[in-house]
Amino acid sequence: MLDRESLGVFSEVAKKLDGGFASLPAFENQAPAMARLAEVLGAAAERLQDNYPYFHPLYAGQMLKPPHPVARLAYALAMWINPNNHALDGGRATSAMEKEAVAEIAGMYGWKNFLGHLCGGGTMANLEALWVAGQGHPGKKILASEQAHYTHGRISGVLQLPFELVACDVRGRMDASALAKRVARGDVGTVVATMGTTATGSMDPLPDILALGEKHGFRVHADAAYGGYFVLAENLGEEAKRAFARVGEADSIVIDPHKHGLQPYGCGCVLFRDPEVGRLYKHDSPYTYFSSAELHLGEISLECSRPGAAAAALWATQRLLPLKKGGEFARGLESGRKAALALFEKVRADERFVTAFAPELDIIVFAPRAASVSEASDLSRKVFEASARHDLHLAVAELPVRFWEADLGAMKRDRETMTCLRSVLMKPEHLDWVERIWDLLSLAVNEVASGRH
Ligand SMILES: Cc1ncc(COP(=O)(O)O)c(C=O)c1O
């Protein structure tokens, strides 16, 4: 798990950072109880062992991947300063780093003149985007698909904006004709287009949504929290490619560096195409903005204090792995996608499983074949547990039965949803581990089928 080499680099760069403050008079660090530091950290290390091994390729469950070593170390390095990116007064260097790193992210969508910043994560970023959307269309509806992240409904509640779900097609994408019918009835202020749904990685039909937005005058918000970086991948299907090519036409975009961007948790990003929305944030903070007339990030974000360390980590990661098509970072995303396609093909070709649809990004869903949907649902949970006993960690999801219709055959449709297995193959290492993952999955399914579990 530990990349010891990078720990060695850390003590070198920490000395370098220290050197920048060498002219200050020495002082005695009075952090209390240092004598028990090692003991307590040892206890913490023990407690932390009670986790799934998220960093390992055999963890192929939820949307979790380890930060790049450069992100971990840049974050840790910044912690010695503990800058606060609310204001230049609290985090001068890291505010500049944040502006640069965010501009690089916006650049992936062709945006140069925009407004944006980092925040705690996708939920906070979507809250901010929908807050701005609501100011533009007060009291009007926010629409998102049935498969959109659950927080959109909750966020709309917090913002006291009416919220409605739009049906999905059988591939888990927002149904463009259902949306067309709904917006024709009026009263819609904003449509959330999910660029990669959380459960299945399905891509909402952005070109259709943008066309309807043009006709009916609603705002389009792209929730690309999970899928956003795939704009750099060159091995996507045609529809996904077409949708990503248009993300820059949305009014706002959310993308999570702490999902596919190799960052530790606590790093989301919200971007607005029109920098003029900055006026909505206008507030006075006479006690924080005093050292510079330049933009303080707190003047354009809902949150006040934010970790400058997150900006340092992101900046360093993007310096090492620029956000470019064909670059090493993009190749990592492409590997995960290849792994998902390879595992999907194995599952699809095997009679023991039912599949819904081919992955659009790097998430696959499948279930054990059985006499009925309820039996398959029960078996999914058993396979999940049996796999874990062999150190293969998958996830479980609940999806509408109609997503599976094409492959259900004679299976009795005795439930409206099916509990299935879900695997997010988001680590570049997954590609080399597909065979091993498949072998362990086969083993687990056979054990469950033979009652040896
Ligand atoms: C599409 C989408 N939007 C929003 C979120 C929420 O992001 P966070 O968990 O960073 O708050 C997620 C999380 O998985 C997501 O997949």
Side-chain angles (χ1 to χ4, degrees), residues 54 59-67 71 102 105 116-131 133 142-159 163 165-166 168 171-174 190-206 209 220-231 240 243-244 247 250 252-271 301-303 306-307 310 313-314 333 336 340 359-365 395-399 422-427:
Y54 308 117
Y59 184 86
Q62 313 258 37
M63 230 170 246
L64 287 152
K65 88 177 183 186
V102 169
I105 291 179
H117 62 85
L118 301 180
C119 58
T123 306
M124 193 61 212
N126 280 320
L127 169 76
E128 209 153 307
L130 295 186
W131 174 72
I142 307 241
L143 304 186
S145 93
E146 288 168 342
Q147 289 291 314
H149 199 262
Y150 74 91
T151 45
H152 288 290
R154 183 143 87 182
I155 289 167
S156 304
V158 170
L159 297 172
F163 177 78
L165 292 175
V166 179
C168 280
R171 290 179 299 179
R173 306 162 172 181
M174 181 184 279
T190 304
V191 173
V192 177
T194 306
M195 301 289 94
T197 58
T198 316
T200 61
S202 301
M203 294 281 294
D204 281 352
L206 186 62
I209 297 170
V220 177
H221 168 58
D223 179 0
Y226 145 70
Y229 286 100
F230 278 98
V231 70
F244 275 121
V247 174
S252 49
I253 305 172
V254 157
I255 174 167
D256 264 356
H258 72 197
K259 291 192 173 51
H260 264 299
L262 300 168
Q263 298 309 295
Y265 280 115
C267 194
C269 177
V270 61
L271 305 167
S301 64
L302 281 184
E303 286 171 288
R306 288 193 297 106
L314 186 64
L333 298 169
E360 289 203 85
L361 301 177
D362 60 7
I363 302 179
I364 68 167
V365 288
V396 167
E398 196 71 31
L399 292 175
R422 168 173 166 267
S423 183
V424 188
L425 293 162
M426 71 194 301
K427 293 187 272 264

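Positions are given from 1, in the same order as the sequence printed here. Order of appearance sets the numbers: ligands from 1, and atoms from 1 within every ligand.
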> Do Thr123 and Tyr150 come within less than 4.5 Å of each other through their side chains, counting heavy atoms only?
Replying inline: no

> By side-chain contact (heavy atoms from CB on, under 4.5 Å), which residues pair with Pro66, not counting sequence neighbours?
Replying inline: Phe55, Arg72, Lys427

>> Thr198: which residues meet the side-chain hydrogen bond (donor to acceptor under 3.5 Å, both in side chains) condition with it, sequence neighbours left out?
In response: none

> Less than 4.0 Å between a side-chain N and a carboxylate O, is that true for Arg173 and Glu360?
Replying inline: yes

> Is there a side-chain hydrogen bond (donor to acceptor under 3.5 Å, both in side chains) between His149 and Asp223 once you walk through the steps?
Replying inline: CA-CA 9 Å; His149 199 262; Asp223 179 0; 5.9 Å; no

Once you restrict both partners to nitrogen or oxygen, which atoms of ligand 1 have a protein partner under 3.5 Å, and how far apart are they?
residue, atom, partner, partner atom, Å
ligand 1, 3 (N), Asp223, OD1, 3.3
ligand 1, 3 (N), Asp223, OD2, 2.7
ligand 1, 7 (O), Lys259, NZ, 3.0
ligand 1, 10 (O), Gly122, N, 2.8
ligand 1, 10 (O), Asp256, OD2, 2.9
ligand 1, 10 (O), His258, NE2, 2.8
ligand 1, 10 (O), Lys259, NZ, 3.0
ligand 1, 11 (O), Gly122, N, 3.4
ligand 1, 11 (O), Thr123, N, 2.8
ligand 1, 11 (O), Thr123, OG1, 2.5
ligand 1, 16 (O), Thr198, OG1, 2.8

> Sequence neighbours excluded, which residues qualify as side-chain contact (heavy atoms from CB on, under 4.5 Å) partners of Val247?
Replying inline: Tyr109, Met195, Leu206, Ala222, Phe244, Ile253

